[in-house]
There are 2 protein chains.
Amino acid sequence: MTAKQGKKKAQPVTMATIARIAGVTPSTVSRAFNHPELISPETVERIMEAVRLTGYVPNLVAGGLASNRSRSLAAIVPSITNIIYAAFVQNFVVNVRERGYQVMLMESGFSRQTEQELVATALGRRPEGFLLTGVNHSNACRRQLLAADVPVIEAWDLTESPIDICVGFSHAGAAKAAARHLVGRGYRSVAIATMDDERALRRRDAFLAELRAAGIAHPREVTLPGGPTLGKGRQALARLLAEQADDTADTAIFCSSDVIAHGIMIEAQSRGLSVPGDLGVMGFGDQEFAADLNPALTTIRIDRAALGARAAEAMMARIDGREDVERRIDIGFEVIDRASLLAR
Amino acid sequence: MTAKQGKKKAQPVTMATIARIAGVTPSTVSRAFNHPELISPETVERIMEAVRLTGYVPNLVAGGLASNRSRSLAAIVPSITNIIYAAFVQNFVVNVRERGYQVMLMESGFSRQTEQELVATALGRRPEGFLLTGVNHSNACRRQLLAADVPVIEAWDLTESPIDICVGFSHAGAAKAAARHLVGRGYRSVAIATMDDERALRRRDAFLAELRAAGIAHPREVTLPGGPTLGKGRQALARLLAEQADDTADTAIFCSSDVIAHGIMIEAQSRGLSVPGDLGVMGFGDQEFAADLNPALTTIRIDRAALGARAAEAMMARIDGREDVERRIDIGFEVIDRASLLAR
DNA sequence: TTGAAAGCGCTAACAT
DNA sequence: ATGTTAGCGCTTTCAA
C-alpha cells in the first residue's frame, strides 16, 4: 500500500528498514531484540515503535544462519496419531517453546530405516538438538547424530549407554510388576495380548519370565501387528478363546496397551463374558479413558506429561552447555489398581 | 577424527568443501543439487562422490535465506492429542514431504488469540504457506497472513470468503443429515450432547433447526467444555437421565464426537440400559473404533485422509503459482448406518 | 557446462 | 551505548 516509488514489488521490511526509521544502525536493532539490556531504554522504545509501525517480523532463518543457532529442535516419534506419543511430544513442545524453540515433528512409523532418513533430512535444517523415541537406532543414524554433535534425548526407554541422555522407564520392570500383580491377585491362568513393537515385545519377554519364575506354566500369547486398535483387541480375545474355548474362567489377560485391553473388554461383553467375573483384564499406559471404562481398567500408569517435560528440561540443560545433567532419567511407573481384575 | 592441522574445532564441511574436493566451484555444486540437468553427468558424479566421502548435508537454512524459499510450511491445529486433527495433519505432512516441504506443527488449543500468536511466531521462520483449522480467525491474524502474502489453506470448514483457499465440508449439512437420519428412523424424542468448540456448536444449531423443521419440539441438550473424553460422554448421559429419569425409551442422542457417543454407550451399559433397545446413539467422525464398538456406532464419516491430502494438494498448487485452484473444496461427509440406532 | 560475483537478512566481534 | 566490519552457507544472475 505504502510502497514508495511505485516499484514493482513492495520490498520487504528488514532490520535495515527498522534501523533507518529509528535512526540507528542494524546492529543496534539486533541488540534491541537479543540483548536489550545493552541498549538504552529510549532507543529500544524508538525501535519498538518502528517495529509496530511496520509490522516487522525478524527473519529467524537469517538470524539462524548468522548466529549458527537455528532455535529449532527435531523430534521423531513412531506415530503422531497414537495418543501415547502425541501427548508426550505435546508436552515436550510446550516446554521448549517457552525457551523460544520450535520443533519439527516427524513420524518414523516404528521403522529404524525411516528414522534414519528423517534424521538426515532434519539435519539439513541444523536443529540444535534431537528428541528420539527409544534407544534402538540404526548405526548410520547414531553416526550422523554423533557427527552433528548436538544434544540427543532418547525417550521412552532406559539404557546403560545412551547416545547422550535417555529419559524413560524400565519396560522390563513395569511388565514384571504387572505379572506380580496378577499373581498376587491369585490368577494362575494368564495370557498376554501384545503389539509387536520393540518396547512392547521387551515387556512381553519380561512378563513371561516373571510368570515362569512364579511357576505359571503355559501362558497363552497373541501378538498383534501395527498400532493398537479396538478391533485388534477384539480379535485378540477371539483368538485366545478359539484356542481354549473350554475354560477361560480364572484367566487374566495382560495387554500391551489400554486400547487392546478395551477391545478385549468389548469382545468379552459381546460374548456375554463378564469382566472381571469371567475374565480379568489389565492394560498398559493408563490412558485418559482407562478410568472411565466399565469396569474401570487396572493398568500401569506412565506419566507422559512428566516424560515430555523431563525430556525438554534435559534438552535445554544440554543446550545451555550444562554438563551436570543426569544421563539416565527414570520417570518410573505405577500399577493402578482398578476394577477389571478380581480381588481375591 | 580427520581434522587436518589439529585445529581447535573441526570446521564443518560446507559446499565449498565439496567444491574443492570435486574440483569445481560452489555454484556448480549448488546446481548439482538443485538443477542437476544443467550439469554434466560426470561432474554430478564427482560431486556426489565428494558428498558421500564427507557425509555432507546441505544447509537448508542458508539455502533458504539465499533463495528466499524456506521449504517449510506452518500448520496450526486446535489439538495434536485429538486424533481427529492428528490424523488429518499427519496426512498433510506426508503429502507435502514428498515435495520436500517440512511442516512446523503448532497447537492453538481452540483459542483465536493463541492462533494469532502462533502465526506471528511462525512468520519469523518465513514459511511458504499456512495451514489453518477453521475459518474463524482474529482480524490481527488475517492481517498478518495477508501481509505475509503466502498461500493460506483453511481446513475443516467451508466459507464463501476464505482468506485464500478452504477445504472442508458443511457442518450444517452434516448435522442436518444426522437429524434427518434420526427422524427417518422414527425417533421423536431426541437429545444432543455436544462439545463447545465452534464447529461443534455450528452443527448443534443446524441439528436443532432441522429437528424443529421436522416438528420435534423440545430436544434435550447438554454441552461439554473442552476436548471430548469418555468420561464426559458418561457425564452427558448421567445428566440427561437426571433430567428425564422416567422415559428415555425411544430417545436417540446425537453426539458431536464418536468419543462422546462411546462414553454414552458405556454409561448406558453400566446402568443396565440397552443400546439401541432403550436408547439410540449416533456419533460424529467415524473414528477407527466406531465400527468395533458393541453395538457398532452409527455416525457421520469425515474422510480425514482426504482432507489432509486435498489440503496438501491445494497448498502445493498455490506454491507452484497455479491460479486455477478451486477456492472452496468440499470433501463431503457420509452417514454411516450401523447398529446403535433402532431400525424401524 | 561452468565460473565469478553479488547478495539474502541477520549476528558478533571489535572499535569507539 | 552504539557503530563498523565481516562474515554465516548458500543461490542466482550474468559472463564466458
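Chain letters run A, B, ... following the sequence lines, proteins first, then strands; residues in each count from 1. Side chains are part of it too, since the values below use all heavy atoms of this structure and drop only hydrogens, waters and symmetry mates. Quantities reported herein were computed from a predicted structural model and do not represent experimental measurements.
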Q.
Base, sugar-phosphate or nothing for A:V24? Non-hydrogen atoms, less than 4.0 Å.
A. sugar-phosphate
* Using 30° and 60° as the class limits, which term best fits the ring planes of A:F33 and A:Y56: parallel, tilted or perpendicular? -> tilted
Pair B:N136, B:R112: side-chain N/O donor-acceptor within cut-off below 3.5 Å: yes
Please answer whether the main-chain N or O of A:R126 pairs with a side-chain N or O of A:S70 as donor and acceptor at a distance below 3.5 Å.
yes
(request) Please work out if B:T14 contacts a base, only the sugar-phosphate, or nothing of the nucleic acid, heavy-atom cut-off 4.0 Å. (result) sugar-phosphate
- [ ] Assign A:N68 to base, sugar-phosphate, or nothing according to its heavy-atom contacts below 4.0 angstrom with the strands shown.
- [x] nothing
- Describe the nucleic acid contact of B:I39 in one word from base, sugar-phosphate, nothing, applying a heavy-atom distance below 4.0 Å. sugar-phosphate
**Side-chain N or O of A:S40 closer than 4.0 Å to phosphate OP1/OP2 of D:dA1** = no
> Taking N and O atoms by type only, does the side chain of B:R31 place a donor or acceptor under 3.5 Å from a partner on the base of D:dT13?
Replying inline: yes
When B:L131, B:V77, B:V93 are each screened for side chain to side chain contact (heavy atoms under 4.5 Å, CB included) with B:L105, the one that passes is B:V77
| Are a donor atom and an acceptor atom from the side chains of B:Q116 and B:Q144 found within less than 3.5 Å of each other? | no
Tell me what B:Y56 touches on the nucleic acid: a base, only sugar-phosphate, or nothing, going by heavy atoms under 4.0 Å. sugar-phosphate
Bounded by its outermost nucleotides with an atom under 4.0 Å from a heavy atom of chain B, the footprint on DNA chain C reads C:dT1 to C:dG9
Rounded to whole Å, the CE-C1' distance (B:M15 to D:dC8) equals 14 Å
Ranking D:dT11, D:dT2, D:dG3 by distance to the side chain of A:T25, first place goes to D:dG3
For A:R142 and A:I163, the nearest pair of non-hydrogen atoms, with its separation, is NH2-CG1, 3.8 Å
For D:dT12, does OP1 or OP2 lie under 4.0 Å from any side-chain N or O of B:S30? no
Nearest-nucleotide check on DNA chain C, A:L65 vs B:R46; residue mapping nearer the 5' end is B:R46
Regarding the side chain of B:A62, the nearest nucleotide among D:dT2, D:dG9, D:dT12 is D:dG9
Ranking B:A66 and B:L38 by the position along DNA chain C of their nearest nucleotide, the one closer to 5' is B:L38
Hey, does A:S27 reach any base, or is it just sugar-phosphate, or nothing, if we go heavy atoms under 4.0 Å?
-> base
Between A:Y101 and A:R71, is there a cation-pi geometry (under 6.0 Å to ring centre, at most 45° from the normal)?
yes
Whole-Å distance, A:R125 CZ to D:dC10 P, equals 14 Å
